[in-house]
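Input: a single structure, listed below in structure tokens.
Here the structure is a predicted model, which is why all the values come from computation and not from measurement. The first residue of the sequence shown is numbered 1, and numbering continues consecutively from there.
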Amino acid sequence: MSARLSIPKVMLAIVRRDLSLALRRKNDSLSALFFFIVVASLFPLGIGPEPTLLAKIAPGMLWIAALLAAMLSLGRLFADDFQDGTLDQLVLTAIPLPLAVLSKTAAHWISSGLILTIASPILAIQFNLDAQSTGILVLSLLIGTPLLSLIGSIGAALTLATRGGGMLLSLLVLPLVIPVLIFGAGAVDAHHAGLPVDGHFYLLGAMLAIALFFAPIATAASLRIAVE
């Protein structure tokens, strides 16, 4: 990367590169989407066609399915760059490593979380969610799934050079994303109960703002340790 490029241009170049690689490895994104669809579709088949019950459990079930699907691709967030030496170049590049990490995390969210968010209204139909509840669900996923990528990036960096890192990654990340799951699904539940949903979105937004600042710094520190 040329030293004459500005930081925003370098960050954009990293996002484009990772998205280009994601397009070449379509199976990763398609596997996460397929997993999301299959898991979300199994619940109505197992529980039964009771519309009221399905609408009641829909927020939690769809959020859990999205969380598990997003976890599938986290293991490769830095693994390929670590193996082919690209990560060493990122550590030595002209831009701060946390900004490079933020770029890679943004590309990961676009190729996983955003796709799951777009697919969620279709899955909401089989849970008998009305249009307004579906809109709240989509908005909660739109704010919450970047949090999954940001928090997951920390776990991916910590387990980068670890044997059996996939299981360890899940053990590290899943407890940390429980608040995201609670407030994301809780927004739709609050709407069903006739309560205000603003508080849930404010909390999700606050968590996203904090994660946008601290997660890339923590991830960059972990990556520096991994490459040393």
Grab the two heavy atoms, one from [X] and one from [Y], that are nearest each other, plus how far apart they are.
{"X": "Leu74", "Y": "Ser153", "value": "CD2-N, 4.3 Å"}
{"X": "Ser133", "Y": "Asp130", "value": "N-OD1, 2.7 Å"}
{"X": "Leu158", "Y": "Ser222", "value": "CD2-OG, 3.2 Å"}
{"X": "Pro216", "Y": "Val101", "value": "CA-CG1, 4.0 Å"}
{"X": "Trp63", "Y": "Leu181", "value": "CB-CD1, 3.4 Å"}
{"X": "Ser120", "Y": "Val138", "value": "OG-CG2, 3.6 Å"}

I'd like to check [X] versus [Y] (side-chain heavy atoms, cut-off strictly below 4.5 Å). Are they in contact?
{"X": "Leu174", "Y": "Leu67", "answer": "yes"}
{"X": "Leu68", "Y": "Leu72", "answer": "no"}
{"X": "Leu139", "Y": "Val197", "answer": "no"}
{"X": "Leu123", "Y": "Ser41", "answer": "yes"}
{"X": "Lys104", "Y": "Leu90", "answer": "yes"}
{"X": "Ile7", "Y": "Pro96", "answer": "yes"}
{"X": "Ile210", "Y": "Met207", "answer": "no"}
{"X": "Leu102", "Y": "Leu150", "answer": "yes"}

In one Ile/Leu/Val/Met/Phe/Trp/Tyr side-chain cluster, 4.5 Å: [X], [Y]:
{"X": "Val15", "Y": "Leu99", "answer": "no"}
{"X": "Ile136", "Y": "Ile182", "answer": "no"}
{"X": "Ile154", "Y": "Leu168", "answer": "yes"}
{"X": "Leu141", "Y": "Leu114", "answer": "no"}
{"X": "Val173", "Y": "Val180", "answer": "yes"}

Yes or no on side-chain contact (heavy atoms from CB on, under 4.5 Å) for Leu129 and His192, after CA distance, side-chain angles and deciding distance? CA-CA 10 Å; Leu129 280 184; His192 284 165; 3.7 Å; yes
Take atom CZ of Arg16 as the centre, draw a 6.0 Å sphere, and report whether it contains more than 12 heavy atoms from other residues, nucleotides or ligands.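 Atom CZ in Arg16 is not packed in, count stays at 12 or less.
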State the [atom1]-[atom2] distance between [X] and [Y], to the nearest 0.5 angstrom.
{"X": "Leu54", "Y": "Met61", "atom1": "CG", "atom2": "CE", "answer": "10.5 Å"}
{"X": "Phe183", "Y": "Ile178", "atom1": "CZ", "atom2": "CD1", "answer": "12.0 Å"}
{"X": "Asp189", "Y": "Leu137", "atom1": "CG", "atom2": "CG", "answer": "10.5 Å"}
{"X": "Lys9", "Y": "Ile95", "atom1": "NZ", "atom2": "CD1", "answer": "14.0 Å"}
{"X": "Phe35", "Y": "Leu116", "atom1": "CZ", "atom2": "CG", "answer": "10.5 Å"}
{"X": "Leu77", "Y": "Thr105", "atom1": "CG", "atom2": "OG1", "answer": "5.5 Å"}

Option from Ile37, Leu30, Val38 for which side chain to side chain contact (heavy atoms under 4.5 Å, CB included) with Phe34 holds: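 Looking at Ile37, Leu30, Val38, the match for Phe34 under the side chain to side chain contact (heavy atoms under 4.5 Å, CB included) is Val38.
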With sequence neighbours left out, which residue pairs that include part of residues 134-159 fulfil the salt bridge (charged side-chain N to carboxylate O under 4.0 Å, His left out) condition?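 Residue pairs passing salt bridge (charged side-chain N to carboxylate O under 4.0 Å, His left out), neighbours aside: none found.
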Might you work through the side-chain contact (heavy atoms from CB on, under 4.5 Å) test for Leu160 and Leu87, ending with a clear yes or no? CA-CA 11 Å; Leu160 185 59; Leu87 190 57; 3.5 Å; yes
Audit row: Arg76, Leu21, side-chain contact (heavy atoms from CB on, under 4.5 Å) steps and yes/no: CA-CA 11 Å; Arg76 298 190 64 174; Leu21 291 175; over 6 Å; no
